[in-house]
There are 2 protein chains.
Amino acid sequence: MSLRYALLGIISKKPITGYDVVRIFKQQMIYFWNSTHSQIYTELHKMENDNLIEHELVIQGTSPNKKVYSLTDSGKKDLIRWAIEEPLKTTKIKDEFLIKATIFPILTVNEINKLLDEVIEREEKILSMTKDWKEHFSSQEGQDVGTMLTVEYGIRYSEMYLEWCKWAKQYFNEIK
Amino acid sequence: MSLRYALLGIISKKPITGYDVVRIFKQQMIYFWNSTHSQIYTELHKMENDNLIEHELVIQGTSPNKKVYSLTDSGKKDLIRWAIEEPLKTTKIKDEFLIKATIFPILTVNEINKLLDEVIEREEKILSMTKDWKEHFSSQEGQDVGTMLTVEYGIRYSEMYLEWCKWAKQYFNEIK
DNA sequence: CGCGCCATGTAAGCAGTTACATGATTCC
DNA sequence: GGAATCATGTAACTGCTTACATGGCGCG
């Protein structure tokens with residue numbers, strides 16, 4: 001059910017297509033939620049059926065037609081109700097790399113370094129993507145505080161992750 | 001499939017029951033994986049069927065009988081193969097609180113503070129649990145480096161989270 | 001001429017959650 | 001007497017992923 005509220009949250013900011021929602025998930029929400037287009041389109045249908053959102057069909061000559069979704073009154077009410085009333089569910093993280101880290105003792109230093117370098121590269125890419133998004137976002141007018149908060153969170157998360165990786169690298173290369 | 005490797009990783013350290021695996025998930029792995037007893041028992045059966053693990057039945061007089069699982073040779077091979085060969089899947093995080101944070105602009109300062117306090121309390125509990133575990137773990141002999149790494153990761157994660165929360169609180173209470 | 005982007009959708013299968021189920025022992 | 005701990009399991013359901021499906025436009 002939380003996907004529903006993630007979607008309501010996004011749509012509450014401004015009317016948007018499913019396609020653009022997918023992009024937001026991939027670019028701005030990787031630090032706290034994830035989903036795929038198939039799940040998102042399906043959920044949007046259900047939400048419209050439950051009268052939380054409604055769409056306007058925009059016919060574009062050149063590119064394909066699109067559905068621009070916006071909140072209904074009952075959608076907005078439900079979003080706020082959820083935010084202030086529903087108890088928080090525990091955070092769930094699936095991070096394969098940290099599973100690999102638990103078995104470092106049965107790997108060689110070479111293998112460990114390779115894995116750490118791989119994850120450092122990945123995280124640096126994510127961090128620079130987030131920083132780019134922050135730049136882009138800061139230059140706009142009427143900035144959304146909610147977005148600002150989570151962008152800042154993402155940067156702190158990635159920086160923490162990278163510092164931990166460097167600390168781990170140092171550990172394995174000092175003792176050797 | 002990753003749950004399988006999380007389980008292999010745990011069992012690789014020392015033979016263990018499904019029941020104790022559940023406890024490890026809840027106490028030491030919340031920062032990077034999660035599962036429930038029903039999923040774990042089911043997966044252990046499948047893994048035994050695939051000849052990755054085997055069990056010894058321990059009959060206890062007073063408490064219920066238990067199955068102590070250990071890796072087979074093919075299980076250990078597969079675990080290492082996975083660690084060094086399989087490409088990393090992207091980290092997946094489901095953090096409801098950060099969804100709520102995105103809609104702070106449509107909430108009142110009171111409501112925001114209440115939510116932040118709630119999550120600070122939660123995270124402080126987790127952090128102190130992790131620190132306790134670190135203490136307990138450091139006092140043992142033959143400490144496992146993999147565990148040490150992820151404990152350290154958890155502490156850094158929680159501290160980052162709390163610092164971000166305090167920063168957000170300050171932001172909302174300064175502008176008011 | 002092929003790839004990526006725009007834009008939406010369905011179907012099948014796998015992963016994960018919640019509920020149901022049992023039963024003895026220990027602690028308050 | 002009730003709750004928590006030990007210890008395991010199955011069933012039903014919901015959530016999520018991967019694959020299938022379509023088709024025009026712009027860029028190199």
Side-chain angles (χ1 to χ4, degrees), chain A residues 1-7 11 15-27 29-30 32-50 53 55-69 86-96 99, chain B residues 1-7 11 15-27 29-30 32-50 53 55-69 86-96 99:
Chain A
M1 273 292 103
S2 307
L3 171 63
R4 169 161 296 203
Y5 295 102
L7 293 171
I11 300 168
I16 190 170
T17 62
Y19 188 84
D20 285 331
V21 167
V22 174
R23 216 204 254 112
I24 288 179
F25 269 84
K26 283 194 198 144
Q27 288 174 0
M29 286 175 70
I30 42 161
F32 57 100
W33 211 264
N34 63 80
S35 191
T36 53
H37 83 274
S38 65
Q39 200 188 3
I40 289 166
Y41 285 121
T42 308
E43 186 63 30
L44 287 171
H45 295 326
K46 287 188 202 155
M47 286 159 74
E48 187 156 40
N49 214 54
D50 291 346
I53 55 173
H55 80 267
E56 197 195 347
L57 189 67
V58 176
I59 288 134
Q60 304 180 114
T62 159
S63 24
N65 295 344
K66 59 185 182 185
K67 292 181 177 176
V68 179
Y69 288 96
E86 288 284 333
L88 275 179
K89 286 184 193 148
T90 56
T91 299
K92 280 164 196 173
I93 305 172
K94 298 276 160 103
D95 186 334
E96 275 198 348
I99 297 178
Chain B
M1 274 293 102
S2 306
L3 171 63
R4 168 162 298 204
Y5 295 102
L7 293 171
I11 300 168
I16 190 170
T17 62
Y19 188 85
D20 285 332
V21 167
V22 174
R23 215 205 254 114
I24 288 180
F25 270 85
K26 283 194 196 140
Q27 288 175 0
M29 286 175 69
I30 43 161
F32 57 101
W33 211 267
N34 62 81
S35 191
T36 53
H37 82 275
S38 65
Q39 201 187 5
I40 289 166
Y41 285 120
T42 309
E43 186 62 30
L44 287 171
H45 294 327
K46 289 187 201 156
M47 286 160 73
E48 187 156 40
N49 213 54
D50 292 346
I53 55 174
H55 80 266
E56 197 196 347
L57 189 67
V58 176
I59 289 134
Q60 304 180 112
T62 159
S63 25
N65 295 344
K66 59 186 182 183
K67 292 182 178 175
V68 179
Y69 288 96
E86 287 285 331
L88 274 179
K89 287 185 192 146
T90 56
T91 299
K92 281 165 195 173
I93 305 171
K94 299 276 161 102
D95 186 335
E96 275 197 348
I99 297 178

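Treat the numbers as computed from the prediction; the structure is a model and nothing was measured. Below, chain A is the first sequence line, B the second, and so on; all start at residue 1.
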Pairs under 3.5 angstrom, nitrogen or oxygen only, protein versus nucleotides 23-28 of chain C, please.
none

Give me, pair by pair, the N or O atoms of the protein and of nucleotides 13-15 of chain C that are less than 3.5 Å apart, along with how far apart they are.
| from | atom 1 | to | atom 2 | distance (Å) |
| --- | --- | --- | --- | --- |
| C:dA15 | OP1 | B:Met1 | N | 3.2 |

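In this entry the distance linking CD of A:Gln27 with P of C:dC5 reads 11 Å, nearest Å. Rounded to a whole Å, the CG atom of B:Leu7 is 13 Å from the C1' atom of C:dG16. A:Asn34 places its CG atom 12 Å from the P atom of C:dG16, with the value rounded to the nearest Å.
Extent of DNA chain D lying under 4.0 Å from chain B heavy atoms, first and last nucleotide in 5' to 3' order, is D:dT5 to D:dT17.
Base contact: A:Ser38 has a heavy atom under 4.0 Å from a base atom. Residue contacts shown for A:Lys89 are absent, as no nucleic acid heavy atom lies under 4.0 Å away. Heavy atoms of B:His45 sit under 4.0 angstrom from primed sugar atoms or phosphate atoms, though from no base atom. A:Arg4 comes within 4.0 angstrom of no nucleic acid atom, judged by non-hydrogen atoms across all strands.
Scanning for side-chain contact (heavy atoms from CB on, under 4.5 Å) contacts around A:Glu56 gives an empty result, with sequence neighbours left out. Checked against side-chain contact (heavy atoms from CB on, under 4.5 Å), A:Lys46 has the following partners two or more places apart in sequence or in another chain: A:Arg4, A:Thr42, A:Glu43. Listed by chain and number, the residues in a side chain to side chain donor-acceptor pair (under 3.5 Å) with A:Ser2 are B:Glu96 (sequence neighbours excluded). Applying the side-chain contact (heavy atoms from CB on, under 4.5 Å) criterion to A:Thr36, with sequence neighbours excluded, gives A:Ser38, A:Gln39. For A:Asn65, the side chain to side chain donor-acceptor pair (under 3.5 Å) criterion is met by no residue, not counting sequence neighbours. By the side-chain contact (heavy atoms from CB on, under 4.5 Å) test, A:Glu48 pairs with A:Ile53, A:Glu54, A:His55, A:Tyr69, sequence neighbours left out.
Considering all non-hydrogen atoms of both residues, B:Pro15 and B:Val68 come closest at CB-CG1, 3.6 Å.
Between A:Tyr19 and the phosphate of C:dT8, there is no side-chain N or O to OP1/OP2 separation shorter than 4.0 Å. Applying the 4.0 Å criterion to OP1 and OP2 of C:dC6, one finds that A:Arg23 has a side-chain N or O inside that range.
Between its opening and closing five pairs, the helix from C:dC1-D:dG28 to C:dC28-D:dG1 changes axis direction by 40°, a value rounded to 10 degrees.
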